[in-house]
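Beneath this line is the structure, given in structure tokens, with notes to follow.
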There are 2 protein chains.
Amino acid sequence: MASLNVGSLGEYIREQRRNAQFSLRQLAEAAGVSNPYLSQIERGLRKPSAEILQQIAKALRISAETLYVQAGILEERREEGLELRVAILADPLINERQKQALLAVYDAFLKENRESGPAPDASPAAED
Amino acid sequence: MASLNVGSLGEYIREQRRNAQFSLRQLAEAAGVSNPYLSQIERGLRKPSAEILQQIAKALRISAETLYVQAGILEERREEGLELRVAILADPLINERQKQALLAVYDAFLKENRESGPAPDASPAAED
DNA sequence: GCAGCGTGCTTGCAATTGCAAGCAGCGCTG
DNA sequence: CAGCGCTGCTTGCAATTGCAAGCACGCTGC
């Protein structure tokens with residue numbers, strides 16, 4: 001169907017498989033799918049269901065979401081600022097007042113950064 | 001296939017459709033799927049692909065991810081407290097100092113809630 | 001050379017997905 | 001009453017998905 005997405009999906013799976021140093025049959029067996037089908041997926045001839053993607057992801061030890069994004073059924077979260085807002089609002093451990101307070105602090109930081117230019121992200125490698 | 005998941009998925013879709021006060025045909029048309037197929041999905045007779053779920057979600061104005069979770073192809077993020085911490089740390093719009101400040105505020109709120117009991121989530125429906 | 005093994009791919013088929021045509025039932029109107 | 005419009009569902013079929021059986025090729029050991 002969406003062969004554009006399937007094309008890059010298949011390439012991505014083949015790349016990850018090679019990174020993991022699995023043969024096609026090894027991955028197919030680990031994933032519980034037939035090896036011809038996996039071959040077809042990698043070459044973009046078939047568009048696998050989400051369940052198959054889940055199985056492949058698990059066998060490759062990568063997140064299923066990664067493959068969903070490649071397949072075009074999940075969007076990468078790219079809306080800047082929105083993701084954290086949504087996460088704050090969705091957090092079950094804090095109440096509404098606290099959520100609003102966090103959002104206010106976040107907004108203040110964004111404003112501060114807009115007025116003083118791009119965030120000088122002094123994020124050191126020590127974070128790792 | 002996984003008719004357990006499909007069962008709850010269909011019920012969920014019907015419920016959301018009724019909440020939106022759409023007839024089956026209206027939603028099917030808005031979603032760009034056939035109305036018999038939507039009927040079958042709601043009754044758990046068919047298991048739709050992620051693409052169809054995406055279309056339905058869009059027509060219902062809910063996130064596709066919500067339906068993916070119902071369908072069992074995506075897991076809910078349940079790690080309490082961790083998701084927001086990760087989101088704060090991953091946000092590209094604020095710097096490290098600001099991130100630490102947000103985390104400190106969040107921690108303070110969690111502590112406050114632990115000492116005063118469960119978060120009295122006065123989250124109103126006004127969020128819709 | 002040949003047999004055996006591993007690799008990736010071809011092919012035909014059964015099951016599933018999604019649709020078009022249409023049915024049955026209900027309420028409303030003239 | 002008949003006709004119309006709306007509702008949700010039935011059914012047969014084409015296309016797609018995923019698999020089993022098996023092919024072609026390269027490499028290795030005898």
Side-chain angles (χ1 to χ4, degrees), chain A residues 1-60 62 64 67-74, chain B residues 1-60 62 64 67-74:
Chain A
M1 194 71 252
S3 49
L4 285 182
N5 285 334
V6 172
S8 61
L9 169 69
E11 288 164 8
Y12 184 78
I13 289 174
R14 182 161 284 191
E15 181 188 341
Q16 295 298 313
R17 173 168 68 79
R18 286 179 170 157
N19 286 346
Q21 295 184 336
F22 279 3
S23 72
L24 186 110
R25 283 182 207 245
Q26 285 171 335
L27 178 59
E29 180 164 359
V33 307
S34 73
N35 74 70
Y37 191 54
L38 180 57
S39 174
Q40 287 171 328
I41 292 166
E42 288 191 351
R43 289 173 288 130
L45 299 182
R46 297 289 165 97
K47 181 150 191 298
S49 66
E51 281 75 25
I52 296 288
L53 289 180
Q54 226 175 11
Q55 288 168 224
I56 293 171
K58 188 169 180 182
L60 283 172
I62 60 177
L67 293 186
Y68 294 162
V69 169
Q70 291 287 332
I73 62 176
L74 194 60
Chain B
M1 192 72 250
S3 48
L4 285 182
N5 285 334
V6 172
S8 61
L9 169 69
E11 288 163 7
Y12 184 77
I13 288 173
R14 182 161 285 191
E15 179 188 343
Q16 295 298 313
R17 173 170 67 80
R18 288 179 169 158
N19 287 345
Q21 296 185 332
F22 278 4
S23 71
L24 186 111
R25 280 181 209 246
Q26 285 172 335
L27 178 59
E29 180 164 357
V33 305
S34 73
N35 73 72
Y37 191 53
L38 180 58
S39 175
Q40 288 171 329
I41 292 166
E42 288 191 350
R43 289 173 287 129
L45 299 181
R46 297 290 166 98
K47 179 146 195 292
S49 66
E51 282 74 25
I52 295 290
L53 290 179
Q54 223 174 15
Q55 287 168 226
I56 293 172
K58 189 171 181 183
L60 284 171
I62 61 178
L67 292 187
Y68 295 162
V69 170
Q70 291 287 334
I73 61 176
L74 193 61

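Residue numbers begin at 1 in each chain, while the letters A, B, ... track the order of the sequences.
Here the closest heavy-atom approach between residue A/Ala57 and residue A/Ala64 is recorded as CB-CA, 3.6 Å. Contact detail for B/Leu38 and B/Leu24: the closest heavy-atom pair is CD2-O, 3.5 Å.
Summarising the geometry, atom CG belonging to B/Leu9 is positioned 14.5 Å from atom CZ belonging to B/Arg46; distances are rounded to the nearest 0.5 Å. Separation of atoms CD1 (A/Ile56) and CG (A/Leu67) is listed at 7.0 Å; rounding is to 0.5 Å. Rounded to the nearest 0.5 angstrom, B/Leu60 CG and B/Arg17 CZ are separated by 9.0 Å. Atom CZ of A/Arg14 and atom OG of A/Ser39 lie 6.0 Å apart (nearest 0.5 Å).
The CD atom of A/Gln40 sits 13 Å away from the P atom of D/dT16 (whole-angstrom rounding). Whole-Å rounding puts the B/Asn35 CG to D/dT7 P distance at 10 Å. Summarising the geometry, the separation between OH on B/Tyr37 and P on C/dG22 is reported as 22 Å, rounded to the nearest angstrom. In this structure, B/Glu51 places its CD atom 13 Å from P of D/dT16, rounding to the nearest Å. Distance, A/Leu45 CG to D/dT16 C1': 13 Å, rounded to whole Å. Atom CG in A/Leu38 sits roughly 15 Å away from atom P in D/dT17 (whole-Å rounding).
Contacts with DNA chain D (heavy atom under 4.0 Å) in residues 17-33 of chain A: A/Gly32, A/Val33, listed by number.
Side-chain contact between A/Ile41 and A/Ile52 is present, with at least one heavy-atom pair separated by less than 4.5 Å. Taking the side chain as every heavy atom from C-beta outward, B/Gln70 and B/Gln16 never approach each other to under 4.5 Å. Taking 4.5 Å as the limit, every side-chain heavy atom of B/Arg25 sits out of range of all side-chain heavy atoms of B/Glu29.
In this model, the phosphate group of D/dG18 is approached by a side-chain N or O of A/Ser49 to a distance below 4.0 Å at OP1 or OP2. An OP1 or OP2 oxygen of C/dG18 is reached within less than 4.0 angstrom by no side-chain nitrogen or oxygen of B/Arg46.
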Worksheet item: For DNA chain D, what is the dot-bracket line, given that a base pair needs Watson-Crick (N1 to N3, plus N6-O4 or O6-N4) or G-U wobble (N1-O2 and O6-N3) geometry with both distances under 3.5 Å, and | means paired with another strand?
Response: ||||||||||||||||||||||||||||||
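Picking from D/dG18, C/dC19, D/dC9 the nucleotide with the shortest atom distance to the side chain of B/Ser34 gives C/dC19. The listed nucleotides are C/dT17, C/dT10, D/dT17; the one nearest the side chain of B/Lys47 is C/dT17. Set against C/dG8, D/dG8, D/dT11, the side chain of A/Arg14 has C/dG8 as its closest nucleotide.
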